[in-house]
Amino acid sequence: MSLINLIRIALKALQRNKLRAFLTMLGIIIGVGSVIAMVAIGQGSKQSIHDQLSNMGTNMITVQPASNLNGGVRIAGSSFQTLTIKDITALKAGAQYITEISPAVTSRGQAINGALNWPTTMSGVSTEYLDIRKLTIRDGIAFTQNDILTSAKVCLIGQTVIDNLFPNGENPIGKVIRFGRLPFQVIGVLSPKGFNAFGQDQDDILIAPYTTVQKRILATIYYSNIYASAANDGVTDAAVTEMTQILRESHRLTANEDNDFTVRTQQELIATLSSTSGLLTVLLTVVAGISLVIGGIGIMNIMYVSVTERTKEIGLRMSIGARGKDILMQFLMEAVIISITGGIIGVFIGFLSTQIVTLTLGWPTIISESSVVLSFVVCAVTGIFFGYYPAQKASRLDPIEALRYE
Amino acid sequence: MSKKILEIKDLKRDFIMGSETVHALRGISFNVNTGEFVTIMGSSGSGKTTLLNILGCLDKPTIGNYFLDGVDVKTLSRDELAMLRNHKIGFVFQSYNLLPRTTALENVELPLLYNKDVSAAERRERAVHALEAVKLADRFDHTPSQLSGGQQQRVAIARALVNEPVMILADEATGNLDSRTSYDIMALMQELNSAQGKTIVFVTHEPDIAAFSSRTIQLRDGQIQKDTQNENKRSAKEMLENLPAVEDY
Ligand SMILES: Nc1ncnc2c1ncn2[C@@H]1O[C@H](COP(=O)(O)OP(=O)(O)OP(=O)(O)O)[C@@H](O)[C@H]1O
Ligand SMILES: [Mg+2]
């Protein structure tokens with residue numbers, strides 16, 4: 001029997017039980033719809049994490065102090081004090097793959113403007129830091145090399161701090177605020193960056209010359225981090241190797257001593273986070289896949305009912321010349337039409353719910369073609385797989401027995 | 001002497017119903033030659049339908065051999081039997097067996113769907129032609145539930161003719177028809193038999209229907225009681241012409 005006739009017969013049979021066909025499809029519709037929506041949400045969040053991190057500078061390299069296990073006890077990296085001005089000098093002198101470098105010291109404290117105060121973090125950095133972190137100044141100016149030399153009490157202010165210390169919309173430029181006991185003159189306002197991938201508010205910050213924070217606040221010669229930027233994306237790995245080598249020399253580590261610092265690139269971080277959200281996508285897809293299987297079982301169930309109900313019809317078709325194969329194809333076609341139609345509707349529902357999620361919750365979503373194609377293929381396979389056994393049962397009926405069936 | 005198309009030897013068919021066995025056919029042997037018009041008569045329950053089902057390759061004998069066109073049906077596969085039913089045999093069921101909620105035309109088209117050699121256009125044309133032959137030209141789009149018993153029977157006859165089988169097996173195909181329509185059908189059968197040389201095995205209760213055939217086999221309790229050649233075969237066409245011209249049927 002030709003394909004067109006098979007499709008026609010199957011459609012007709014389904015038309016007779018529209019509601020039943022629809023209910024059977026529902027499992028598939030929900031399955032496919034959720035696969036598409038889940039994958040879209042997963043991909044969307046993955047992409048937005050990636051974008052955010054790239055926005056922080058993909059060629060950024062961070063050095064952190066770390067335990068080299070000398071004492072046999074590991075302690076959190078931040079409590080180590082291994083990075084100093086010597087390292088910066090050595091890196092500036094020796095590293096070819098990095099273009100900019102900045103030490104960083106941070107201090108938590110209370111920012112105070114008159115009666116208002118706000119707990120925040122002050123980062124002490126060099127002039128190159130803004131470039132490395134891709135920060136821009138919205139208003140005012142950045143501090144200069146001279147401010148660093150003189151440990152000037154000037155700072156740049158983030159939007160969150162402004163909101164809390166200058167709630168009435170005054171211009172903070174030129175104002176003097178206090179960080180802890182020390183007065184700072186606000187010379188520039190940072191452009192807002194929003195929350196980062198970890199949910200930290202990147203605007204809740206004050207930035208000052210590192211010398212000021214080191215000498216006037218913390219009274220330390222150590223840095224809490226070193227930030228650098230590689231010349232371009234392609235040389236970050238080379239830059240990491242080179243920096244590691246220079247820092248080992250600078251720290252006079254012998255060949256069998258571990259590093260007392262860690263060098264990380266932003267790209268590693270992106271990879272880690274992407275793989276985490278990739279895992280999430282896989283999990284969501286598995287859950288959605290299970291609902292497809294349940295939909296398939298629904299098809300199988302209904303096809304068994306349908307075969308039993310139509311035993312007489314099967315007997316008649318066989319008695320006028322239908323071969324087992326024809327009957328098999330007829331029922332298989334019905335199952336496949338149910339699953340594929342369900343698949344098409346599911347794709348629409350998936351698109352629709354994805355749009356709704358984006359519009360109402362503001363979550364980023366990306367509908368990938370591969371998820372559409374995949375769920376389609378899975379649908380067809382589901383139809384064939386779960387439709388096969390009922391169809392085979394039908395094809396093996398004995399014509400006269402089937403005709404006599406009441 | 002023309003060729004044997006059907007040859008059955010000592011055919012038995014038992015139905016096992018729990019502990020009881022019903023002997024529907026108890027050893028039947030006869031031959032039918034190509035182009036013969038045979039009627040099978042017998043009281044209700046004498047095994048006519050059972051015999052016809054076996055002749056139509058729908059059922060298999062418990063014991064005994066059945067040769068169709070010289071081929072032992074036992075040796076054929078399911079697919080070969082299906083092919084045979086489709087290409088060679090036109091079967092009219094006692095209980096019509098039309099597909100419900102399907103129009104008369106589609107019901108008649110059905111056998112052609114399983115015939116690869118027939119195109120969609122030809123299928124439609126032949127189905128229309130077959131329905132016209134049974135005088136149902138105005139009922140193409142009616143479903144079985146919208147047709148009278150006799151009309152349904154005629155759709156079933158049209159369906160049996162549509163594949164141009166070499167052999168027509170009809171199980172009380174005129175059982176529900178008035179005498180005029182019966183004669184119409186019988187005239188059609190006689191025409192197919194004499195003009196196209198089709199072999200016809202026709203089960204009936206009515207002796208005057210049997211009179212249109214060339215041979216009558218009388219069954220009784222699953223056995224052949226009588227097998228007689230019909231010397232003065234009547235022409236259904238003449239009977240029709242002689243029938244008083246009544247307005248409607
Ligand atoms: N599937 C079956 N199972 C059990 N017994 C059966 C079956 N089919 C037929 N019989 C029995 O076989 C016998 C012959 O039945 P069959 O249908 O051949 O009669 P028939 O001559 O066609 O009668 P009618 O003129 O009423 O149609 C009957 O006694 C019937 O009860
Ligand atoms: Mg009968």
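Everything numeric in this text was worked out from a predicted model, so none of it was measured. First the proteins, then the strands, lettered A, B, ... as listed; each starts at 1.
Between chain B and the options K12(A), K325(A), K312(A), the largest number of non-hydrogen pairs under 4.5 Å is found for K12(A). Ranked by heavy-atom pairs under 4.5 Å with chain B, the list D398(A), I320(A), D326(A), I4(A) is led by I320(A). Ranked by heavy-atom pairs under 4.5 Å with chain B, the first of S2(A), P399(A), A322(A) is A322(A).
Residues L316(A) and L110(B) are in side-chain contact: their nearest non-hydrogen atoms beyond the backbone lie under 4.5 Å apart. Proximity of L113(B) to I9(A): side-chain heavy atoms (C-beta onward) are separated by under 4.5 Å at one or more points. Proximity of N5(A) to E109(B): side-chain heavy atoms (C-beta onward) are nowhere separated by under 4.5 Å. L99(B) has its side chain within reach of R317(A): a pair of non-hydrogen atoms, C-beta onward, lies under 4.5 Å apart.
Separating the CD atom in Q15(A) from the CZ atom in R101(B) is a distance of 12.0 Å, to the nearest 0.5 Å. One finds the CG atom of N97(B) at 5.0 Å from the CG atom of L403(A) (value rounded to the nearest 0.5 Å). Taken from CG in D59(B) to OG in S319(A), the straight-line distance is 12.0 Å, to the nearest 0.5 Å.
Heavy atoms of other residues, nucleotides or ligands lying less than 6.0 angstrom from CE of M329(A) number 12 at most. By the 6.0 Å contact criterion, CZ on R404(A) is enclosed, its count of non-hydrogen atoms from other residues, nucleotides or ligands being greater than 12.
Using a 4.5 Å cut-off between heavy atoms, R16(A) contacts chain B through its side chain alone, with no backbone atom that close. For Q330(A), the part lying under 4.5 angstrom from a heavy atom of chain B is the side chain only. Using a 4.5 Å cut-off between heavy atoms, E106(B) contacts chain A through its side chain alone, with no backbone atom that close.
Side-chain contact of R78(B) with S395(A): a donor-acceptor pair under 3.5 Å is absent, judged by distance alone.
Of residues 17-30 of chain A, not one residue has a non-hydrogen atom less than 4.5 Å from any non-hydrogen atom of chain B.
Under a 3.5 Å cut-off, the side chain of R323(A) and the backbone N or O of M83(B) do not form any donor-acceptor pair.
Each ring-ring contact (aromatic ring centres under 6.0 Å, His included) pair with one or both residues in residues 352-406 of chain A, not counting sequence neighbours, would appear here, but there are none.
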